[in-house]
Undergrad: 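Sharing a structure, written as structure tokens. Questions coming.
In what follows, chains are A, B, ... by sequence order, proteins preceding strands, each numbered from 1.
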Amino acid sequence: MTNEVITQLWKISLSMTSVWGAEKDFELMEKFQPFWKKLHSGNLMITKEILQGVPQSSGSFFEQQQNLRIKTFLRDAFYINDEDSFRKCLTHFFNGSNLKRSFEDKRNLIVSFPQKERISYINSFAQQREEHGKLSIINQYCKALPSAGIMAYDISNCVSICRLGLYQGYLKESELVKYLDPLALRAQENYSSFEEFGLSSTVGLLYSMDKVNENAYNYCMEKLNMALTHPQSYWNNIDWNLKLS
Amino acid sequence: MDIWALLGIEKTVDTKVIKRAYAKVLKNYHPEDDPEGFMRVREAYEKALGQAKAASKGVNFLVFDPISFEDTNKCNSENVSTPKDTIDSIHIRNNEEKFPTKSKEQFLERIELLYNDIFKRRDITCWQDLFTELTVDEYLYLDEHAWDFFNTNCSLPYDVWKLIDSEFSIFEDTRFRWTKLVQFDFGLSFDCFDQELDVDYSSYAKNRFFAFECFIRGDYKSTVQYAKEAEKIFDKDYMIYRLKGIALYFLRNYTEAIEAFSNALLLNSNDLDILLYRGYSWLKKSEYEKASMDFYTVLKIDMDNLDGLKGITMCMNAKKKYRSADKFYAHFNKNSPRGDLQIGILLDQNEKNKFLKKAKKIINTVKVVKHKIFSGETAGSYMFLFLFYILVLPPIIFFIFALPNAFNIVVILIIVYLLMKFFKYIRNN
């Protein structure tokens with residue numbers, strides 16, 4: 001039973017480095033503390049709260065505020081206003097976003113060049129700030145990422161959207177499993193550790209930004225650091241090589 | 001209207017200039033959409049061409065004479081034709097009808113012959129001669145299909161590309177795939193090709209280009225296959241080992257990747273990229289010493305190389321040499337316009353590990369000292385015990401009784417100590 005719970009936590013933990021992040025997951029762990037002790041002793045079951053990644057609020061006012069915050073986030077970050085747009089967005093990330101394809105195309109191109117030609121190619125875009133920024137990010141992390149590139153960005157956001165969709169009522173629990181299972185297998189096949197997955201997802205986040213300034217970088221760094229090093233983090237307490245099937 | 005104004009050029013006897021101008025202007029006059037405009041341009045072209053050819057023979061033309069494309073040397077000043085007459089005799093602009101299949105095949109053969117000669121293809125004068133010898137039909141055909149031919153036959157040096165673009169405006173054609181890359185020669189140099197050697201360079205270059213194409217498509221397995229085929233033909237080109245090595249690196253086959261990179265380095269020992277990739281391959285295999293050597297080599301050549309600094313920092317961290325890791329990290333930070341996620345995480349882990357390492361060191365030191373002092377095995381320990389009882393113990397006893405709550409604290413500590421001993425005893429028994 002504990003294994004099943006840990007497997008489910010493995011799957012939902014993939015959203016830790018999504019755009020939404022893991023702040024609410026840490027709140028939940030705080031709420032159910034000692035989280036890991038309870039889990040290993042079989043005293044913790046996966047509730048809808050944990051699946052959604054959104055703690056239940058103490059009063060109707062705070063619940064309304066939380067609802068509004070999540071609705072606004074989904075609208076601003078993913079243009080999700082209703083169930084239709086939710087489904088479209090989910091499909092978009094599930095099948096592989098344009099961002100991922102663009103990253104792969106550009107990476108394969110610039111990596112094929114020797115260093116001198118690569119730098120000349122990147123600098124030829126010096127006047128197009130956004131393109132130059134994106135190519136620089138690819139150049140910086142091309143050796144660190146596996147062939148899957150920033151697929152982790154799509155996976156983590158897809159899992160995050162599923163969880164928030166469950167909270168908003170756009171998705172049923174039975175449907176959530178249909179998405180989580182293949183996403184989790186895809187993550188395990190293409191990455192070798194939570195560290196590699198988290199790094200790829202965060203690089204994807206940087207790549208998706210129009211401009212990467214110091215604040216944006218620090219924000220991403222903090223998110224990744226928390227996910228990888230916080231003692232309560234899912235990634236610090238679950239084995240990447242867990243048998244998911 | 002003046003024929004030269006219609007063609008958009010000054011009066012000239014250069015047939016090449018006239019052909020080029022005609023090809024450019026013709027794009028704006030489709031025979032189906034604007035048959036009259038098409039006819040006007042066609043007439044102007046024929047007139048201009050006729051005049052240019054006649055001028056080269058010393059004859060001045062005054063009257064238009066319809067000249068067929070196949071028979072450009074005929075000129076008859078007595079024949080006058082009207083645009084209406086010639087509309088019926090002009091076919092709708094269709095390359096398949098005006099350019100017979102046999103002629104097309106022969107024409108393509110000439111171009112392919114030039115392209116397939118690996119050394120002639122890189123000689124701009126060969127292409128200049130070819131373009132000068134083209135008939136109008138051939139020129140127009142190539143103008144229409146240049147993007148298609150050169151999309152698949154594209155391994156050419158930049159000066160040849162510039163010539164092709166000046167003839168056919170190929171860089172403006174959105175169907176042409178390689179506009180951005182041609183100025184970099186696709187990163188596939190021909191410098192290592194030696195004409196003296198009896199090598200099928202054409203096949204080699206083809207396989208190498210296929211490897212490159214598969215790589216940019218993300219098909220790393222095919223890249224390795226084509227690279228292996230290329231190697232069988234010619235094994236003195238470090239570029240092919242580089243491409244193969246990187247494909248293997250992405251396929252997580254680090255052992256073979258290292259072998260490919262090592263082969264590349266035998267041919268070009270100073271390529272930083274290859275050294276870095278090999279270093280990172282060693283790092284992935286947890287061979288930190290070998291990885292460090294490669295990163296040190298990179299830093300000797302370029303001490304501010306960010307990938308090299310990152311790699312060496314990761315090696316030092318893995319070997320638990322945190323001070324060295326800090327030093328390289330500081331250097332990296334100084335040169336990096338923005339931070340690095342991997343190095344940032346490592347640094348945080350470094351801080352925690354350094355603290356733990358220091359704490360462990362202190363605890364070990366205390367244990368060793370405690371054992372040495374209280375074992376009573378050496379003269380030093382007896383001396384220390386004497387000093388402890390005379391100098392250290394009395395002040396401690398004084399403070400216990402002098403300070404208001406110190407006595408209570410000591411009693412509590414003793415009780416806690418005794419309880420811990422008791423529980424330990426129960427647990428063990």
Undergrad: Between A/L206 and chain B, with a heavy-atom cut-off of 4.5 Å, which part of the residue counts as in contact: side chain, backbone, both or neither?
TA: side chain

Undergrad: Around atom NZ of A/K88, are there more than 12 heavy atoms of other residues, nucleotides or ligands at under 6.0 Å?
TA: no

Undergrad: At a 4.5 Å cut-off on heavy atoms, which part of B/F215 comes close to chain A: side chain, backbone, both, or neither?
TA: both

Undergrad: Under a 4.0 Å N-O cut-off, is there an ion pair linking B/R252 with A/E196?
TA: yes

Undergrad: For B/N305, is it the side chain, the backbone, both, or neither that has a heavy atom closer than 4.5 Å to a heavy atom of chain A?
TA: side chain

Undergrad: Looking at B/D273 and A/F113, what are the two nearest heavy atoms and their distance?
TA: OD2-O, 4.0 Å

Undergrad: Heavy-atom count check: over 12 atoms from other residues, nucleotides or ligands less than 6.0 Å from A/M209 CE?
TA: yes

Undergrad: If only atom types and distance count, is the side chain of A/Q140 paired as donor or acceptor with the main-chain N or O of B/G339 below 3.5 Å?
TA: yes

Undergrad: Give, for atom CG of A/N139 and atom CG of B/D307, the distance between the pair rounded to the nearest 0.5 Å.
TA: 7.0 Å

Undergrad: CZ of B/R242 to OG of A/S112: how many Å apart, nearest 0.5 Å?
TA: 7.0 Å

Undergrad: Checking A/Y141 side chain against B/L341 main chain: does a donor-acceptor pair fall under 3.5 Å?
TA: yes

Undergrad: Nearest 0.5 Å please: distance from the NZ atom of A/K143 over to the CG atom of B/L276.
TA: 5.0 Å

Undergrad: How about A/E222: does its CD atom have over 12 heavy atoms from other parts shown lying under 6.0 Å from it?
TA: no

Undergrad: Tell me whether the count of non-hydrogen atoms from other residues, nucleotides or ligands lying under 6.0 Å of NZ in B/K320 goes above 12.
TA: no

Undergrad: If I take atom CD1 from residue B/I343 and atom CE from residue A/M221, how far apart are they, to the nearest 0.5 angstrom?
TA: 10.0 Å

Undergrad: Take atom CZ of A/R101 as the centre, draw a 6.0 Å sphere, and report whether it contains more than 12 heavy atoms from other residues, nucleotides or ligands.
TA: yes

Undergrad: So does B/K206 have more than 12 non-hydrogen atoms from other groups sitting under 6.0 Å from NZ?
TA: no

Undergrad: Give me the atom names and distance for the closest heavy-atom approach of A/A144 to B/K284.
TA: O-NZ, 4.0 Å

Undergrad: Below 4.5 Å from any heavy atom of chain B, which atoms of A/L109 appear? Answer side chain, backbone, both or neither.
TA: both

Undergrad: State the CZ-SG distance between B/F250 and A/C142, to the nearest 0.5 angstrom.
TA: 6.0 Å

Undergrad: With only heavy atoms counted, which part of B/I345 is less than 4.5 Å from chain A, the side chain, the backbone, both or neither?
TA: both

Undergrad: Assess whether atom NZ of B/K285 is packed by more than 12 heavy atoms of other residues, nucleotides or ligands within 6.0 Å.
TA: yes

Undergrad: For A/L199 versus B/Q342, what's the shortest heavy-atom pair and its separation?
TA: CD2-CG, 3.6 Å

Undergrad: Could you check whether any side-chain heavy atom of B/D302 comes within less than 4.5 Å of a side-chain heavy atom of A/Q115, counting everything from C-beta outward?
TA: no

Undergrad: Is the number of heavy atoms from other residues, nucleotides or ligands within 6.0 Å of NZ (A/K178) greater than 12?
TA: no

